[in-house]
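Report on the structure given below.
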Amino acid sequence: MQCCGEYDGRCAGHRAGEVAKSRVLIDNQRAARMKSFLLKLFTWWNGQTFGTQFWTWMYGEAVGEDEFGNRYYRTKGGKTDVTLGFERRWVVYNGYAEASSIPPSWHGWMHHTVDTPPTQESYKPRPWQKPHRANMTGTPAASRPPGSTLAQNRRPKATGDYKAWNPER
C-alpha cells in the first residue's frame, strides 16, 4: 500500500498499521489473561488459587493490607473455628508466596500473639525491627560466608592449627 506521507485518518496504509497494532495488543491481553488463569489454576505460590479465592469469598472477612500489598483475612465475624478452637486467619500474598514477606506488625496478629490487627491500632515499629529483605537462598544473590566453596573469593589459607592427614604416617 502506498502511504500518503502524512497521517490524516484517511490513508489506508496508516489505518492498516493501526488495525495490526490493535490486534497485537488484544492478542497480548488475551495471552496475559490466559497465563493468569493457568497460574491461578495450577500453582499456589503465585498468589491465591481458585480454591483459596472461593474459601475467602465464602467464609472470609478482609482485615487489612500491608505495605507489600499482602491482604489479610479472618473468618467472618471473628467466629471461632470448631476444628481449630480459635479464629482462622490467613494471608493472600501479593505475588510470590513467601512467609518472610509478612512484616512484624502483621506477624503477631497472624500467629495469635496479639488479638488486634495493625489496622485497628496505631502500630509503631520498634527501633530494633528491620525492614523486610527477601529470602535469597538458592539464588546468585544468596549469602556466601568467607569459607564457602561458592564464595567469590578463595578460601583463606589455614592458620597453622590444621594438619592435613597423611596416609603414610
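This one's a predicted model, so the numbers in the text were calculated from it and none came from an experiment. Numbers for residues simply follow the sequence, beginning at 1.
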| message | I need the Asp66 CG to Arg71 CZ distance, nearest 0.5 Å. | response | 10.5 Å
| message | Looking at every heavy atom in both Phe68 and Ser101, which two are closest together, and how far apart are they? | response | CD1-O, 3.2 Å
| field | Distance, nearest 0.5 Å, that separates OH of Tyr96 from CG of Asn135 | value | 9.0 Å
| remark: Nearest heavy-atom contact between Val91 and Asn70 is CG2-CB, 3.9 Å
| said: Thr119: which residues meet the side-chain hydrogen bond (donor to acceptor under 3.5 Å, both in side chains) condition with it, sequence neighbours left out? | reply: none
| request: Please name all residues satisfying ring-ring contact (aromatic ring centres under 6.0 Å, His included) with Trp106, sequence neighbours left out, ordered by chain then number. | output: Tyr72, Trp109
| message | To check you understand the geometry: which heavy-atom pair defines the closest contact between Pro103 and Glu67, and what is its length? | response | CB-OE2, 3.6 Å
| remark: d(Lys35 NZ, Asn28 CG) to nearest 0.5 Å is 12.0 Å
| query | Between Pro118 and Ser105, which heavy-atom pair has the shortest distance, and what is it? | reply | CG-O, 3.1 Å
| message | Nearest 0.5 Å, please: how far is NE2 in His111 from CD1 in Ile102? | response | 6.0 Å
| Is it true that a side-chain atom of His112 and a backbone atom of Glu87 form a donor plus acceptor pair closer than 3.5 Å? | yes
| request: Check each of Lys79, Arg74, Arg89 against Glu61 using the salt bridge (charged side-chain N to carboxylate O under 4.0 Å, His left out) test, and report the only one that passes. | output: Arg74
| task | Report the distance from atom OG of Ser100 to atom NE2 of His107, rounding to the nearest 0.5 Å. | result | 10.0 Å
| Co-members of Trp57 in a cluster of I, L, V, M, F, W and Y side chains, linked at under 4.5 Å | Phe54, Trp55, Met58, Tyr59, Tyr73, Trp90, Val92
